[in-house]
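Input: a single structure, listed below in structure tokens.
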There are 2 protein chains.
Amino acid sequence: MAVTIKDVAKAANVAPSTVSRVIADSPRISEETKRKVRKVMEELGYHPNMIARSLANQSSKAIGIIFPNSGNTAFQNPFFSEVLRGISEGVSEKHYILQFTTGRTEEEILQDVKKMVFGRVVDGMILLYSKLGDSVMKFLKEQNFPFVLVGKPFEDSEVITHVDNDNISAAKEGTEYLIRLGHRKIGFIGGDIGFMVTRNRLEGYRRALAEAGIPVNEKYLIHEEFLLEGGKEAVKELMLLDDPPTALLVIDDIMALGVLKTLSELGKKVPEDISVVSFNNVLFAELAQPPLTSVDINIFTLGIEAVKHLIQKIENPKEPVKRIIIPHRLIVRKSCQAVGR
Amino acid sequence: MAVTIKDVAKAANVAPSTVSRVIADSPRISEETKRKVRKVMEELGYHPNMIARSLANQSSKAIGIIFPNSGNTAFQNPFFSEVLRGISEGVSEKHYILQFTTGRTEEEILQDVKKMVFGRVVDGMILLYSKLGDSVMKFLKEQNFPFVLVGKPFEDSEVITHVDNDNISAAKEGTEYLIRLGHRKIGFIGGDIGFMVTRNRLEGYRRALAEAGIPVNEKYLIHEEFLLEGGKEAVKELMLLDDPPTALLVIDDIMALGVLKTLSELGKKVPEDISVVSFNNVLFAELAQPPLTSVDINIFTLGIEAVKHLIQKIENPKEPVKRIIIPHRLIVRKSCQAVGR
DNA sequence: TTGTAGGCGTTATCAA
DNA sequence: TTGATAACGCCTACAA
């Protein structure tokens, strides 16, 4: 058994509570005692048992991260690696610890979350997605457990602290860029329509077209759940249309990579034959062939802000609900060209 | 305050210990009592406090994951996302929970690890890298704390359970493939030589050349720490040699993407002007332009096996030390060509 | 400034 | 088959 506070107390000829106070650096302990106790701690190699501390404090100093589904797409997409980097950065400063859900289905994830919440394993959670009718968020809300959402809630927006991009504008600007290049036949390739991002970006796309007086061609709208393979057939069909699009707005860089691949299989050249704008500006956007014009959404910052506000909320339950919008920016690279050039 | 075992006990007219036994589904409790107690638990909405359980059990049912350095390259590289997927999968089945280090420097990471170990926060750890003189592994060894290494130890190989690929063979085979295609001027682009993977793959490269009777040209050897940018200058120099290589063995798909980019900037075509073989066969290898010929090392399996053996070790401290080698396989795609074709 | 004692929620030992 | 009771290691009134 490891050395405990009692061992230290005994060896230093003080009471356990004194040792505890020394650890907390309480001002009510004389410098001399502190020195003495610290010396003993050092000698005995004392280290606090966090579990015991958590129990006594009713606080674990841990934060749980909820992924949409660890098994499949989630980890594949650098978006998550990148938010994680941000979160990790924030957490490390505040000396919190990170916990993960590992469930593969919504049901399993819900179980993980319940375990964390009821089990007092974490003090708060970060939800990395916003999905329609999601039981996990519903649970968190019901329990009134501290959490922040990365994304935009479907409802109760005023009650849920969330950090998000203005995805409508982001998509609108991306589309407008294409329109300025002379494109009027613009396809939209999105993910699962159950996610708020998908909807918001679609909305931005629609607005841009509307403002430009371009009618939406429903045939140009594709929704595929799978990052890479899924879009393949759909993109092919799209390109085989009598009147195929001359530009594509793709919801995600990774999906865009898949699209690029399919396009090249079809013998279509980007940007000569068709222009592509995507979102997220993940590392690979720059590395793609051609380098992708992509809307940078500051994923890292998304993560940083999420922890920041979560911790505020944890440490001060009365903290007001907040809505943080992280700026975005279109990064122009080589995947677009003026139409008919 | 949440409902505890005592509340349940009171409401069900039994002792707390009885409730505890019901939770553990002890065979020494009558079915009737179990039913009764379970009903009350249900009604009251009881959920066990994991922290308290951990304290009583002296076991947290949690596993810590150690990244080389969360701040920089680590999360960027899909290798880690992919092992994580494997780990996550394994962990979820066994109902363990995952914890992460968030430190950015070796020193910070060591602190994280100490906190987890001494704080009894995790029952075991998975170390995701093998670096020369790494203080983290040293610590784990000294403490005799259950851990498994993903990679090959620099020393004490017989004492450290590790799961790894046969990276020497992997690199040898990759190189041999290039040699079979007629290449004799083969460059090696590696990462930090402090990591075991780098050394092993370099060794495999050397052996292949030796067996083929090709002398090693030290000018063809590059070591860059940074995933993408780092290689740039070095690759340029390499290609500006009087006698530039006709093929490149790149230690990592992601780095290979960077190389591809640099090559294209130099006006060199892959595979026409130069062939490229890389390692890991991460999702993006297939998506690259051209699709990369890469040595698949079964990253997912690496993760699965790591948890599996860690948990065995945790649950049975006498478990013998193991060395698990995960098979690899060269995946031929479009980034190589016979020389002079 | 320091010590005593009770509590955090479970589990486990020992009786009954 | 069940109940009392003492841990697990730490924190914090309250006392001294």
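Chain letters run A, B, ... following the sequence lines, proteins first and then strands; every chain starts at 1.
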- Salt-bridge criterion met for B:Asp25 and B:Arg38 (N-O under 4.0 Å): yes

- Item | Nearest-angstrom distance from the residue atom CD1 of A:Ile51 to P of D:dA7 | 21 Å

- B:Met50 CE to C:dC8 C1', straight-line distance once rounded to whole Å: 17 Å

- Student check: side-chain heavy atoms of B:Leu149 and B:Tyr129 closer than 4.5 Å: no

- Message: Distance check needed: D:dT2 C1' versus B:Ile5 CD1, whole Å only.
- Response: 14 Å

- Query: Should B:Arg53 be listed as having a side-chain N or O under 4.0 Å from OP1 or OP2 of C:dG9?
  - Reply: no

- Task: Name the nucleic acid region contacted by B:Asn13, choosing base, sugar-phosphate or nothing; use a 4.0 angstrom heavy-atom cut-off, strictly under.
- Result: sugar-phosphate

- Aromatic ring pairing A:Phe100/B:Phe100, orientation class (parallel under 30°, perpendicular over 60°, tilted between): parallel

- Message: Do the side chains of B:Asp156 and B:Lys141 get close enough for a salt bridge, i.e. N-O under 4.0 angstrom?
- Response: yes

- Query: For C:dT2, does either OP1 or OP2 sit under 4.0 Å from a side-chain N or O belonging to A:Arg28?
  - Reply: no

- Please state how far atom CZ in B:Arg120 lies from atom C1' in D:dA7, giving the value in whole angstrom units. 16 Å

- Message: Strictly below 4.0 Å: does A:Ser30 bring a side-chain N or O up to OP1 or OP2 of C:dT2?
- Response: yes

- Message: Can you see if the side chain of A:Gln58 gets near the phosphate of C:dG7 - specifically, an N or O under 4.0 Å from OP1 or OP2?
- Response: no

- Query: Quick one: do A:Glu89 and A:Arg85 make a salt bridge, cutoff under 4.0 Å?
  - Reply: no

- Message: Could you tell me how far apart B:Lys61 (NZ) and C:dT10 (P) are, to the nearest whole angstrom?
- Response: 17 Å

- Task: Please report, rounded to the nearest Å, how far the P atom of D:dC8 is from the CG atom of B:Asn49.
- Result: 18 Å

- Message: What's B:Leu55 touching, base or sugar-phosphate or nothing? Going by heavy atoms closer than 4.0 Å.
- Response: base

- Item | Nearest listed nucleotide, side chain of A:Thr18, among D:dC10, C:dT2, C:dC8 | C:dT2

- Message: In whole Å, I'd like the distance from the CD1 atom of A:Ile23 to the C1' atom of D:dT12.
- Response: 14 Å

- Check whether any side-chain nitrogen or oxygen of B:Ser20 sits under 4.0 Å from OP1 or OP2 of C:dT10, and answer yes or no. no

- Query: How is B:Ser54 classified with respect to the nucleic acid when contacts are heavy atoms under 4.0 Å: base, sugar-phosphate, or nothing?
  - Reply: nothing

- Message: Let's test your reading of the model: under 3.5 Å, does the base of C:dT13 pair with the side chain of B:Arg21 as donor and acceptor?
- Response: yes

- Note on the structure: Side-chain contact check for A:Val14: nearest option of C:dT1, C:dG3, C:dT10 is C:dG3

- Message: Centre-to-centre under 6.0 Å for B:Phe145 and B:Phe118, is that the case here?
- Response: no

- Of all the choices, D:dC11, D:dC8, C:dT10, which nucleotide is nearest to the side chain of B:Pro48 once you look at every atom? C:dT10

- Item | Upstream residue (5' side of DNA chain C) when B:Ala52 and B:Ser17 are each assigned their closest nucleotide | B:Ala52

- Item | Between C1' of C:dA5 and NZ of A:Lys6, the distance in whole Å | 12 Å

